[in-house]
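Below is one structure, written out as C-alpha cells; comments come after it.
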Amino acid sequence: FGDGATGSGSATSHTYATPGAYNARLTVTDNQGASAHTTVTISVNANLPVAPSNLAATAVSATQINLAWTDNAANETGFKIERCAGSTCTSFAQIATVGANVNSYANAGLKRNTTFRYRVRAYNASGNSGYSNTASATTPRK
C-alpha cells in the first residue's frame, strides 16, 4: 500500500468490449484478518469508432475488385482494409488504409480466377473498431 500500511488485497482484471461505466468491488484485509470493502464505479470511454457495415465486393475486371461500405463512425481517422485469398480463408492481412469518410477502395493487381475475401474496420487514436461483415468476390478468368 502506498501509505506505508501493510496488509493484503486482491485484484482482478477484466476486459470489456465496449466503453461504459463499470462497478468494481475493492476488499482490503489487514494483518489481523479484519477486512473492509467498497464498491467503486470506473468509467471507461475509449472513444473507439463504430464499425463499418454493408461491405460489398464486386469484381470489375480479371485483376480488380472494388469494395464499398457504409461509414458508421463520426470519429475515425481512417479505415484498415484486410484481405485473404480463397473462399474459406481466415488468414486476413492488412492490404491498405484509407482516410476518414472514405467508403470505397479499388483493389487492383489481383490474380485472375481467384476468390478474395475482405473485411474493413475503422480506427482512431483510441484504437480499432470491430470488423465489418466479410465480403467476397471472384476475379474472372479473362
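Throughout, residue positions are numbered sequentially from 1 according to the sequence presented.
Using a 4.5 Å heavy-atom threshold, the side chains of Y118 and I65 count as touching.
Of all the heavy atoms in T139 and A62, the pair that sits closest is CB-O, 3.3 Å. Summarising the geometry of F79 relative to V102, their closest heavy-atom pair is CE1-O, 3.2 Å, with the distance given to 0.1 Å. Nearest heavy atoms, G130 versus P52: O-CD, 4.1 Å. The two residues N124 and T77 have their closest heavy-atom pair at CA-OG1, 3.3 Å. Taking all atoms of both residues into account, the shortest heavy-atom contact from T115 to S136 is CG2-CB, 4.3 Å. Here the closest non-hydrogen pair linking N75 and N47 is ND2-O, 3.0 Å.
The CG atom of N113 lies 13.0 Å from the OG1 atom of T63; values are rounded to the nearest 0.5 Å. Distance check: S132 OG to R119 CZ gives 8.5 Å after rounding to the nearest 0.5 Å. Summarising the geometry, atom OG belonging to S104 is positioned 8.5 Å from atom CD1 belonging to I81; distances are rounded to the nearest 0.5 Å. How far CZ of R117 is from CD of E82: 12.0 Å, rounded to the nearest 0.5 Å. Considering CG of N128 and CG of L48, their distance stands at 8.0 Å, rounded to 0.5 Å.
Hydrophobic cluster membership differs between L67 and F92, with clusters built from Ile, Leu, Val, Met, Phe, Trp and Tyr side chains linked at under 4.5 angstrom. Y123 and Y105 are not part of a single hydrophobic cluster, where members link through side-chain heavy atoms under 4.5 Å apart. Clustering ILVMFWY residues whenever any of their side-chain heavy atoms sit less than 4.5 angstrom apart, transitively, puts V120 in the very cluster that holds V98.
Formation of a donor-acceptor pair under 3.5 Å by the N66 side chain with backbone atoms of T58 is not found in this model. In terms of modelled atom types and a separation under 3.5 Å, the side chain of R83 and the main chain of F116 share no donor-acceptor contact. At distances below 3.5 Å, not a single donor-acceptor pair connects side-chain atoms of N103 with backbone N or O atoms of T70.
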Given side-chain hydrogen bond (donor to acceptor under 3.5 Å, both in side chains), test N72 with S53 step by step and report yes or no. CA-CA 7 Å; N72 297 310; S53 60; 2.9 Å; yes
Taking it one step at a time, do V50 and E76 satisfy side-chain contact (heavy atoms from CB on, under 4.5 Å)? CA-CA 8 Å; V50 177; E76 80 273 11; over 6 Å; no
